[in-house]
Amino acid sequence: LANIAAMTRQHRRFGFSYDWAREVSTCEPEYYRWNQWFFLKMYERGLAYRKHAQVNWCPQCNTVLANEQVVDGCCWRHEQTPVEQHALEQWFLKITDYADQLLADISQLEGGWPDRVLTMQRNWIGRSEGARVDFHLAGSGDPITVFTTRIDTIYGATCILLAPKHPLTAKLTTGRPDLAAAVQRMIESLEGRAPGDLEKEGLRLDAFALNPFNPIWPPDGRGDAVEIDNVNPFSDEQIPIWVANFVLMEYGAGAIMAVPAHDDRDHEFCTKYGITIRTVIVPAGDTAPLPAGGAFTDDGVLVHSGPYTGLAGDEARRQMTAYGSERGFAESSVTYRIRDWGVSRQRYWGTPIPIIYCSKCGAVPVPEDQLPVLLPLDVEITGMGGSPLQKVPGFQHVPCPRCGGDARRETDTMDTFVDSSWYFYRYCDPRNDRLPFDPQTIAYWFPIDQYIGGVEHAILHLIYSRFFTKVMRDLGLVQNHEPVKRLFTQGMVIKDGAKMSKSLGNVVDPDQIVEKYGADTVRLFCLFAAPPEKDLDWTESGVEGMSRFLHRVHRFVSKEHPAGDGSADRRVLRKLHQVIRKVTEDFESRWHFNTSLAAVMELVNELYQSEADLSPAALSGVVPTLVLLLAPFAPYLSEELWEQIGRQGPVLRVPWPEYDPALAADEEVEVVLQVNGKLRSKLVAPKDTAPTELERLARTDPKIQQHLDGKTVHKVIVVTDKLVNFVIRS
RNA sequence: GCCCGGGUGGUGGAAUGGCAGACACAAAGGACUUAAAAUCCUUUGAGCCGCAAGGCUCGUGCGGGUUCAAGUCCCGCCCCGGGCACCA
């Protein structure tokens, strides 16, 4: 309800028609039904699952948020409210299964989507190529898997760092209550933590790991590095195992090898705890000195790395990964930064998640013929503590669909980004009651040729809907791999540094402005102030300027004109056709309507200037076209003027004027005369004058003669209809 | 730190490698008016020479380069905006 209300409010303000959206409101029961249908299809395929996890929590919304909805550590709806980390049982959609496709298919979007959106998505997906390497627990020999993108630095690994929640952390602290308690404190300190810098904390466990590449290291973990070449190559190196608060369980393997000499974070950690730093990479070209006091993180040449010493980084990575694979302790691996999409919300609005929990049968999907699960109406919304649906017993207490026993309905609702991920498909077939939409119909319409939206959805809506499209494709519902061929990201309205948005309120009150100046003026100003992909600065004086312009047009069309002798007819007609061409081209290519409007203004200026010299026939030819040219920008005024000049409306149904290239062409052109690239004079010549003739004319120009006097002309450049440039030597 | 955009008058912004600043806003001066509003006209990148007509020089973040010619292309920086970030 909140969504649809906001939408209608916005669109009514600007006079847009939004019939389709009203017909396919994502808040309607039928839409809930198909959301739930999709959810269950994904549940069947393991793409929707429930897990206990550390999740983002907005204390203002009292709900969980997806990673994508956390902006600078704060809630996307409450930009001042830091998001907290809570451990909760939540529903997720497995977008990570599609990470590789979402990344790979970005290449299909290039050219059609703005680069920065594609870059943001690439960053968000965050593909890293590297290797998983098994270290081994000293004593038991159990593998400890780490993920690294720099296996070439493995001879410099001086400890293993485990995430606090790594299973091995628990295992290695059993029987050691002191360590277990310390780990517990570490976990708690990470929960509810405000974003920002984290002081690196570590906890040394009473265990060692063996580096599968067998470099030598004193088992007590202290002292200087031993010269690799001088020791027994068969003895295992033992490196200490630590728990570190900055190692993420959710990324890679939940454990890392720390290489302090070649990673900034590891360097900081190992310096703090006095763990030895061993250089195993030096800059290629051997002369560059190693940076003092920090890690050398660039690629280089390996040293102290056994048989790999002397290899370049990329070659070493290849060989070492191959060796590890052969011996079964390593494999090349790709890791993504993107996490599964947390879709559980503890809000009233949103589609109820169609799952019922039975003490005997577990989580049971609501059978398809019982969809949609609708929101109860007798609900009290307090905005406090947990989902309002949990306080509606009639909603929550239901029989199990499988065994009929007492069961509990899921009270979380879906993130409304689920709705918006596929609404545009439903637009094509809004009344279908058999399927979300008919695949045949979709095959005809999709993909969307042109989509328009704000860049703030680059890694929200625009990545979710790509994901949904791929899921729907795998369900056999659509054939397209991508939902949108071309994306246009429009800028925002800014006033005194503050942006105008649906969730943050209006910096400028459109109702007031429309009241004062009319919708045409407001629209015109928005179009004229900047090209549409840029943010536009709202200025009242700019709005007044547009109002003045519209009045100027209105006055010209309305007033009585003197019958001129027609001496200006040709000039005005040429201008008219040039303007038609300009506006048409702007519409067809780059949508820079600010320049279209500038052209229309030029035409109006020209009309005022030539008014006295225009024949009545020319005038009555130009005016209707002017009105048509203005119609897309100022539809209300244009409609009014169209009627005033005795034409039949509606003006927006009248075909767009066509320009005559011959009429638009200048008969005479101004040719710039340059000497050594500097503007010295100009001449007017008939269009398409031959280069030789242009040069001859240029040489007769007194100023040019003056500049050429006594000089040798080295070369003459002639660009037809543009310029003549004399290159001289003094 | 990495990855994308940008940087042009007092302001918003124009310029397929070919007259930098279109079109507007603002400002100043003037006309009309008893006055105001509205409207119209003129000036408006900087500097210099000239009584004037006019002329000259500089100028698109900085430094180089390519070219007859660079806001535009290439190389190296600086600054601003945005995205990602203990992601190993």
Side-chain angles (χ1 to χ4, degrees), chain A residues 71-72 114-128 130-131 146-151 153 157 161 163 195-200 244-259 262-266 268-269 297 335-339 455-456 458-459 494 524-525 528-531 533-546 548-549 551-552 555 582 592 594-605 608 670-682 703 706 713-728:
Chain A
V71 180
D72 284 333
D115 280 342
R116 64 178 171 147
V117 172
L118 297 180
T119 309
M120 282 160 76
Q121 293 210 353
R122 269 193 207 98
N123 284 344
W124 189 257
I125 296 166
R127 179 188 154 99
S128 292
V146 303
F147 173 75
T148 178
T149 55
R150 293 293 303 273
I151 196 174
T153 65
L161 305 180
D197 283 342
L198 174 70
E199 171 67 22
K200 288 185 178 54
N245 63 347
F246 67 94
V247 177
L248 307 168
M249 189 58 221
E250 311 82 51
Y251 184 78
I256 62 167
M257 61 174 199
V259 184
H262 305 294
D263 181 279
D264 291 322
R265 297 150 303 179
D266 298 347
E268 189 189 333
F269 182 83
T297 57
T335 301
Y336 296 93
R337 205 199 73 99
I338 192 171
R339 302 276 200 280
V455 73
E456 68 273 15
I459 48 175
I494 307 278
L524 218 60
F525 172 74
F528 184 70
E533 70 273 15
K534 281 189 71 165
D535 287 349
L536 74 86
D537 264 316
W538 188 275
T539 60
E540 182 97 16
S541 58
V543 178
E544 273 166 15
M546 289 307 110
R548 265 201 296 277
F549 168 68
H551 278 109
R552 228 164 113 76
R555 233 179 301 124
K582 174 69 184 157
H592 280 198
N594 54 331
T595 59
S596 311
L597 281 169
V600 177
M601 287 175 184
E602 284 183 53
L603 175 62
V604 173
N605 291 345
Y608 269 99
E670 199 175 48
V671 175
V672 172
L673 306 182
Q674 295 180 332
V675 176
N676 281 352
K678 285 203 169 94
L679 172 73
R680 294 302 176 189
S681 186
K682 296 174 185 180
K703 279 180 213 139
Q706 193 188 320
V713 175
H714 178 58
K715 196 175 174 185
V716 183
I717 315 275
V718 183
V719 181
T720 309
D721 296 339
K722 282 271 159 70
L723 63 81
V724 180
N725 186 13
F726 294 93
V727 184
I728 60 170

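Computed from a predicted structure; not experimentally measured. All chains are named by letter (A, B, ...) in the order of the sequence lines, taking the proteins before the strands, and each is independently numbered beginning at 1.
- Looking at heavy-atom distances under 4.0 Å, A:Lys682 makes contact with a base.
- Look at the C1' atom in both B:G50 and B:A15: the space between them is 33 Å, to the nearest Å.
- RNA chain B contains the following stems of three or more consecutive Watson-Crick or G-U pairs, with both distances under 3.5 Å: B:1-7 with B:78-84, B:10-12 with B:23-25, B:27-31 with B:39-43, B:45-49 with B:54-58, B:61-65 with B:73-77.
- Atoms CG (A:Leu679) and P (B:G55) sit 10 Å apart, rounded to a whole Å.
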N/O to N/O distances under 3.5 Å, protein versus nucleotides 24-27 of chain B:
from, atom 1, to, atom 2, distance (Å)
B:A24, OP1, A:Asn605, ND2, 2.9
B:C25, OP1, A:Arg548, NE, 3.3
B:C25, OP1, A:Arg548, NH2, 2.8
B:C25, O2', A:Ser541, OG, 2.9
B:A26, OP2, A:Arg548, NH2, 3.3

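- With distances taken from any side-chain atom of A:Leu723 to the nucleotides B:A88, B:G18, B:C68, the minimum falls on B:G18.
- Among B:C68, B:A88, B:U57, the nucleotide with an atom closest to any side-chain atom of A:Lys715 is B:C68.
- Take A:Glu533 and apply the side chain to side chain donor-acceptor pair (under 3.5 Å) test, not counting sequence neighbours, and it matches A:His592.
- A:Asn605 is linked by a side chain to side chain donor-acceptor pair (under 3.5 Å) to A:Arg552, counting only residues two or more places apart in sequence or in another chain.
- Atom P of B:A22 sits at a distance of 15 Å from the matching atom of B:U11, rounded to the whole Å.
- With sequence neighbours excluded, the residues that form a side chain to side chain donor-acceptor pair (under 3.5 Å) with A:Ser681 are A:Asp701.
- Residue A:Arg680 has a polar side-chain atom (N or O) positioned under 4.0 Å from OP1 or OP2 of B:C56.
- If you take CD of A:Gln674 and P of B:C68, they are 13 Å apart, rounded to a whole angstrom.
- Separating the P atom of B:U57 from that of B:C77 is a span of 35 Å, rounded to the nearest Å.
- Side-chain proximity of A:Leu248 to B:C58, B:C19, B:A88: nearest is B:A88.
- Separation of the P atoms belonging to B:C73 and B:A85 is 32 Å when rounded to the nearest angstrom.
- Partners of A:Val672 according to the side chain to side chain contact (heavy atoms under 4.5 Å, CB included) rule, which considers only residues two or more places apart in sequence or in another chain, are A:Gln674, A:Leu679, A:Leu723.
- Using P as the reference atom, B:C25 and B:G17 are 30 Å apart when rounded to the nearest Å.
- A centroid separation of less than 6.0 Å is found between the aromatic rings of A:Phe269 and A:Phe246.
- Looking at A:Arg116, its side chain never comes within 3.5 Å of a backbone N or O of A:Ala458 through a donor-acceptor pair.
- Side-chain N or O atoms of A:Asp537 include none that pairs as donor or acceptor with a backbone N or O of A:Ala530 at under 3.5 Å.
- Atom-to-atom, CD of A:Glu540 to C1' of B:G12 comes out at 16 Å; the value is rounded to the nearest Å.
- In the set B:C40, B:A22, B:A88, B:A22 carries the atom at the smallest distance from any side-chain atom of A:Ala598.
- Taking the syn range as angles within 90° of 0, the glycosidic angle of B:G9 is syn.
- Between A:Glu533 atom CD and B:G6 atom C1' the separation is 12 Å, expressed in whole Å.
- Nucleotides B:A53 and B:U43, compared at atom P, are 12 Å apart to the nearest Å.
- Protein atom CG of A:Asp264 is 12 Å distant from nucleotide atom C1' of B:C2, rounded to whole Å.
- With sequence neighbours excluded, the residues satisfying side chain to side chain contact (heavy atoms under 4.5 Å, CB included) with A:Thr720 are A:Pro691.
- Remark: A:Asn725 pairs with no residue by the side chain to side chain donor-acceptor pair (under 3.5 Å) rule, at least two apart or across chains.
- The structure places NZ of A:Lys715 at 15.0 Å from CD1 of A:Ile728, a figure rounded to the nearest 0.5 Å.
- Applying the side chain to side chain contact (heavy atoms under 4.5 Å, CB included) rule to A:Ser596 yields the partners A:Val583, A:Asp586, A:Phe593, A:Phe633; only residues at least two apart in sequence or on another chain are considered.
- When the nucleotides B:A85, B:C58, B:A69 are ranked by their closest atom to the side chain of A:Arg337, B:A85 comes out on top.
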Return the polar atom pairs (N/O with N/O) between nucleotides 81-83 of chain B and the protein under 3.5 Å, or none.
from, atom 1, to, atom 2, distance (Å)
B:G83, N2, A:Asn123, ND2, 3.4

Polar atoms only, N or O, under 3.5 Å: list the protein pairs with nucleotides 14-16 of chain B and their distances.
from, atom 1, to, atom 2, distance (Å)
B:A14, OP1, A:Asn594, ND2, 3.3
B:A15, OP1, A:Arg590, NH1, 2.9
B:A15, OP1, A:Arg590, NH2, 2.6

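- The same atom, P, is picked in B:G55 and in B:U72; the two are 28 Å apart, to the nearest Å.
- Remark: A:Ala131 engages A:Val133, A:Ile151, A:Thr321 in a side chain to side chain contact (heavy atoms under 4.5 Å, CB included) (not counting sequence neighbours).
- Here, B:G76 and B:G83 have their C1' atoms 25 Å apart, quoted to the whole Å.
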